[in-house]
Amino acid sequence: MIPGDLEVIDFNRRLKSWYLENHRPLPWRETKDPYKIWLSEVILQQTRVAQGLPYYERFTEQYPTVFDLAAADEREVLRLWQGLGYYSRARNMHFTARQVVNDYQGKFPETSEKLLKLKGLGQYTAAAIASFAFDEAVPAIDGNVYRVMARIFGIQSDMLSNEGKKEFWAVGKEVISKEDPATYNQAMIEFGALQCVPSSPNCTVCIFKDRCFAYAHQMQGQLPVKIKKLTVKHRFLNYFIIKQGDRLAMYERRARDIWKGLYDFHLIESQTPSTTPDSLTIPDLVFQNLLKKGRLTEIPKLYSHILTHQRLQVRFWWLEIPESERIDLPHGMAFYNHEEVEGLPKPILIDTVLREENYL
DNA sequence: TAGGCGTGGAG
DNA sequence: TCTCCAAGCCT
């Protein structure tokens, strides 16, 4: 199934001509600036173009150069990232911007091997930047490309296993155009995104239908092979929004857990869905004290929030403290006024609740 | 190395 | 309501 030299030339010619006619005009394709290409690649990791595009516009506007990004506070970067998910991408991106400024005089390394050393850049992203910005002939194999390669070339090894990845990589190195690797990589990705789509691809109009393994064997639904075992954990979260005047008590999530670096409220996790605060175990003496001093109001709506590997059932209470009370907050918490709360990076769930409660 | 890490859209 | 998944990476 792996094409010979002549087939590779024919494959590349067809692929490139398809790309030139069909590709979407996306802003990061209009530049050779490695900084902007890097931004776009990090934003687009596990993210659809439609979702990432507005973030790319905002980031390039707010931080036109790597120096601007390096000079920003991490909190500010996370706030701009809010809603995109996988927040470690933003933290790593900020870290790497500072490294590029401090260790590389603001210039990105120009080979995939060196790019790979930077935090937040894996095999795919390093190859993408190296080929798009510096025309290095390395295959950039993302989910789209795995799918295209598995189907056309009939590669049946598990794309999520290390062995499988090696095989795709080896074939990719054979097939990539040495004359124009940048366009080859863009074209493979775009072909997967527009033509060779995951479900129900329209193969009758495909330029490769005469030489596609999956089409010949009607295995579009079976390829690529992905063996994944995902266990979804159920969690029950109980949030107390401590409010005094217009100020809310929030704290930064620092543990190795979801939403690291983002801000939320006083949280009590329970093993079962809770109905009343009385049924919760409240070990925190400071918070027990607060409960006595404040007025507790339940937000009746039960929120469910779905992450890749967790299903959250979340209940919220307002805990309003009279302005006259002088109080201590649980450890690590601080009060933020309305404007500050708006400016803090928050999980989308927290932002949604504050909007529905007409606070934001 | 396998499991953790968000959010939103589509079927 | 459920499943899949979308330009993956880190530990």
Side-chain angles (χ1 to χ4, degrees), chain A residues 23-24 26-29 36-56 78 81-93 95-96 115-133 139-148 158-165 168-169 182 184-194 196-201 221 224 226-233 235 253 255-262 264 303-312 314 345-352:
Chain A
H23 75 87
R24 296 162 291 179
L26 297 169
W28 47 85
R29 290 181 174 152
K36 289 186 176 169
I37 291 169
W38 168 65
L39 269 186
S40 75
E41 290 302 335
V42 176
I43 286 172
L44 290 172
Q45 284 167 8
Q46 297 287 281
T47 304
R48 292 169 203 276
V49 167
Q51 191 187 0
L53 185 53
Y55 286 85
Y56 175 82
L78 278 170
W81 195 271
Q82 180 176 303
L84 246 196
Y86 285 143
Y87 296 94
S88 66
R89 289 184 292 169
R91 287 186 276 110
N92 290 337
M93 194 174 81
F95 179 92
T96 292
L115 285 162
L116 194 51
K117 298 188 197 301
L118 301 177
K119 199 177 269 194
L121 280 76
Q123 194 99 75
Y124 163 75
T125 305
I129 297 171
S131 75
F132 298 156
I141 306 179
D142 74 333
N144 291 302
V145 182
Y146 278 116
R147 187 170 57 252
V148 172
D158 175 15
M159 61 170 266
L160 297 182
S161 74
N162 277 335
E163 285 198 16
K165 284 176 187 167
F168 279 90
W169 178 263
Y184 166 87
N185 280 330
Q186 287 285 8
M188 286 291 275
I189 293 165
E190 192 73 339
F191 190 78
L194 299 184
C196 196
V197 294
S199 72
S200 311
K226 290 175 151 179
I227 302 170
K228 60 172 189 300
K229 37 273 171 186
L230 182 69
T231 59
V232 178
K233 185 162 58 171
R235 294 174 72 176
R253 297 178 61 86
R256 291 151 82 94
D257 195 359
I258 57 174
W259 301 327
K260 185 177 176 191
L262 277 56
D264 65 358
Y303 288 83
S304 99
H305 192 76
I306 308 205
L307 296 76
T308 306
H309 47 288
Q310 295 187 22
R311 299 183 69 101
L312 310 180
V314 192
K346 302 169 286 296
I348 213 69
L349 169 69
I350 300 295
D351 195 83
T352 298

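Reckoned from all heavy atoms, side chains included, excluding hydrogens, waters and symmetry mates. Proteins get letters first, then strands, A, B, ... in listed order; numbering begins at 1 in each.
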Scoring nucleotides 5-11 of chain B by protein non-hydrogen atoms under 4.0 Å (B base, S sugar-phosphate only, - none) yields BBBBB--
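- Between A:Asn162 and A:Thr231, it is A:Asn162 whose nearest contact on DNA chain B lies nearer the 5' terminus.
- Side chain of A:Ser40 to backbone of A:Ile37: a donor-acceptor contact under 3.5 angstrom is found.
- Residue contacts shown for A:Val49 include a base, since a base heavy atom lies under 4.0 Å away.
- For the pair A:Arg311 and A:Tyr124, both in contact range of DNA chain C, the more 5′-proximal nearest nucleotide belongs to A:Arg311.
- Between A:Arg24 and A:Ala193, the shortest heavy-atom contact is NH2-CB, 3.7 Å.
- Of the N and O atoms on the side chains of A:Arg89 and A:Gln45, not one donor lies less than 3.5 Å from an acceptor on the other residue.
- Smallest separation of non-hydrogen atoms from A:Trp81 and A:Tyr87: CD1-CD2, 3.5 Å.
- Distance noted for atom P between C:dA7 and B:dA10: 14 Å (whole Å).
- For the atom pair A:Thr96 OG1 and A:Lys117 NZ, the distance stands at 13.5 Å (nearest 0.5 Å).
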Would you check, one step at a time, whether the test side chain to side chain contact (heavy atoms under 4.5 Å, CB included) holds for A:Lys260 with A:Arg91?
-> CA-CA 9 Å; A:Lys260 185 177 176 191; A:Arg91 287 186 276 110; 3.6 Å; yes
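- Close approach of DNA chain C to chain A, defined as any atom under 4.0 Å from a non-hydrogen atom of the protein, starts and stops at C:dC2 to C:dT11.
- Residue A:Trp28 is classed as a base contact, given a heavy-atom separation below 4.0 Å to a base.
- Mapping A:Thr125 and A:Pro198 onto DNA chain C via the closest heavy atom, the residue that lands nearer the 5' end is A:Pro198.
- A:Arg253 places a side-chain N or O within 3.5 Å of a backbone atom of A:Ile258 that can act as its donor or acceptor partner.
- Side-chain atoms of A:Leu121 and A:Glu41, non-hydrogen and from C-beta on, never get closer than 4.5 Å to each other.
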